[in-house]
Amino acid sequence: VRAILLGLSQGDYGEVVGQFVDGFGLSQPSVSRRFQERAQQALEQFENRSLEEENFLALWIDGKRVAGEQMIVCMGVTEAGYKKVLGFTQATTERSEPVVELLRDLLERGLTFEEGILCVIDGSKGLSKAVGEVFGDRAQVQRCQWHKRKNVVSYLPEDDQKTWRSRLQ
């Protein structure tokens, strides 16, 4: 105990922990294995959780790069105004097929919207096609103004971009 407290107080806990690792089963492989198991359980719970108890008014669907991989993320806004990440899928681009799969999974898990749903997307044809295929005329599609501004400003000379970003904001 003295060695542990001394190590913690002096910031040398890495060296002290090394002395006790084997006695407590804290080897790097066992910690890594436990982390992977718990992360897998958390992911399964997230992907299988019911969405039946909320009525969603809007969805934001966008592609993001995470750790060098393209991910399509869907976030919902409830009637109470809460934002919730509903699901995500890995995809090489914003093609419609993986997005259709993602949206259908959300419907199977109980995604409800009483009078239609607003879908905010970045202008990608694949995202628009997927929304139309899954929700049909019950969806209103809105082009994300942030993406629109970014696209418009990108055509301007670099010296003018900051000024026009502020004006468009």
Side-chain angles (χ1 to χ4, degrees), residues 29 31-169:
V31 171
S32 178
R33 198 171 31 257
R34 287 183 195 153
F35 174 78
Q36 289 175 358
E37 289 168 1
R38 290 188 179 149
Q40 181 65 35
Q41 290 172 352
L43 178 60
E44 287 174 8
Q45 287 174 349
F46 174 81
E47 290 180 331
N48 295 319
R49 77 191 194 286
S50 173
L51 302 174
E52 292 176 356
E53 295 185 21
E54 303 275 5
N55 187 39
F56 291 91
L57 302 177
L59 300 177
W60 270 263
I61 308 165
D62 195 13
K64 296 289 178 196
R65 291 205 90 53
V66 178
E69 300 293 330
Q70 176 75 14
M71 303 296 289
I72 307 295
V73 180
C74 182
M75 184 175 69
V77 178
T78 67
E79 281 183 322
Y82 294 108
K83 298 176 191 173
K84 294 186 176 189
V85 176
L86 302 178
F88 58 89
T89 188
Q90 187 174 6
T92 54
T93 63
E94 291 181 349
R95 317 180 337 267
S96 66
E97 294 84 4
V99 180
V100 165
E101 220 174 281
L102 172 63
L103 296 176
R104 285 189 176 147
D105 176 64
L106 298 178
L107 290 174
E108 287 174 16
R109 290 179 23 222
L111 174 70
T112 58
F113 47 95
E114 291 178 5
E115 297 181 25
I117 194 157
L118 174 65
C119 295
V120 181
I121 60 175
D122 65 4
S124 159
K125 291 179 183 177
L127 296 181
S128 182
K129 180 179 177 185
V131 166
E133 187 174 325
V134 175
F135 299 120
D137 61 356
R138 299 212 46 212
Q140 292 292 316
V141 176
Q142 169 65 49
R143 173 82 187 269
C144 174
Q145 296 304 299
W146 182 268
H147 283 91
K148 181 70 174 173
R149 182 185 78 172
K150 183 179 171 184
N151 291 347
V152 167
V153 169
S154 72
Y155 289 102
L156 299 173
E158 272 190 51
D159 294 345
D160 296 336
Q161 289 183 9
K162 185 176 181 181
T163 301
W164 281 99
R165 257 194 301 277
S166 296
R167 286 184 176 182
L168 290 171
Q169 183 66 28

Handout entry: Side-chain heavy atoms of Glu54 within contact of Lys84, under 4.5 Å
Key = yes
Practice task
List the atom of Glu115, the atom of Arg138, and the distance in Å for their closest heavy-atom pair.
Solution key: N-NH2, 4.2 Å
Practice task
Take Glu97 and Lys129, measure what salt bridge (Lys or Arg N to Asp or Glu O under 4.0 Å) needs, and give me the verdict at the end.
Solution key: CA-CA 9 Å; Glu97 294 84 4; Lys129 180 179 177 185; 5.2 Å; no
Completion exercise
In this structure, CD of Glu53 is separated from CG of Asn55 (nearest 0.5 Å) by 12.5 Å
Practice task
Evaluate whether atom CD of Gln70 has more than 12 neighbouring non-hydrogen atoms of other residues, nucleotides or ligands under 6.0 angstrom away.
Solution key: yes
Fill in the blank from the handout: Smallest heavy-atom separation, Thr89 atom then Pro98 atom, equals CG2-O, 3.8 Å
Exercise for the section: Give a yes or no on whether Gln140 atom CD has more than 12 heavy-atom contacts from other residues, nucleotides or ligands under 6.0 Å away. Expected result: no
Exercise for the section: Identify, with sequence neighbours excluded, every residue that meets side chain to side chain contact (heavy atoms under 4.5 Å, CB included) alongside Glu44. Expected result: Gln40, Asn48
Exercise for the section: State, to 0.1 Å, how close Gly87 and Leu106 come at their nearest heavy-atom pair, and which atoms those are. Expected result: N-CD2, 4.3 Å
Handout entry: Close side-chain approach of Leu118 to Leu59, heavy-atom, < 4.5 Å
Key = no
Problem - Residue pair Leu103 / Phe135, side-chain heavy-atom distance below 4.5 Å - result: yes
Problem - Sub-4.5 Å side-chain heavy-atom contact between Val131 and Ile61 - result: yes
Problem - Validation row: Trp60, Ile121 side chains within 4.5 angstrom (heavy atoms) - result: no
Practice task
Show the numbers, then the answer: is there a side-chain contact (heavy atoms from CB on, under 4.5 Å) between Val134 and Leu107?
Solution key: CA-CA 9 Å; Val134 175; Leu107 290 174; 3.5 Å; yes
Exercise for the section: Could you check if a side-chain atom of Asp62 sits within less than 4.5 angstrom of a side-chain atom of Lys64, using non-hydrogen atoms only? Expected result: yes
Exercise for the section: Please report the shortest heavy-atom distance between Ile72 and Ala91, naming the atom on each side. Expected result: CG1-CB, 4.0 Å
Handout entry: CA sep, side-chain torsions, deciding dist, call: Phe46, Phe88, ring-ring contact (aromatic ring centres under 6.0 Å, His included)
Key = CA-CA 10 Å; Phe46 174 81; Phe88 58 89; 5.7 Å; yes
Exercise for the section: Mind checking the CG-CZ spacing from Asp160 to Arg167? Nearest 0.5 Å is all I need. Expected result: 9.0 Å
Completion exercise
Separation between CD (Glu52) and OG1 (Thr112), nearest 0.5 Å, reads 8.0 Å
Completion exercise
Rounding to 0.5 Å, atoms CG (Leu127) and CZ (Arg95) come to a distance of 11.5 Å
Problem - Separation between SG of Cys74 and CG of Leu102, rounded to the nearest 0.5 Å - result: 5.5 Å
Exercise for the section: Under the side-chain contact (heavy atoms from CB on, under 4.5 Å) rule, what do Phe56 and Leu111 come out as? Steps first, then yes or no, please. Expected result: CA-CA 7 Å; Phe56 291 91; Leu111 174 70; 3.3 Å; yes
Handout entry: Closest heavy-atom pair and its distance - Ala139, Cys119
Key = CB-SG, 4.2 Å
Problem - Student check: side-chain heavy atoms of Arg109 and Arg49 closer than 4.5 Å - result: yes
Problem - Under 3.5 Å donor-acceptor, Ser50 side chain and Gly110 backbone - result: no
Practice task
Hey, could you give me the OG/CD distance between Ser154 and Gln161, rounded to the nearest 0.5 Å?
Solution key: 7.0 Å
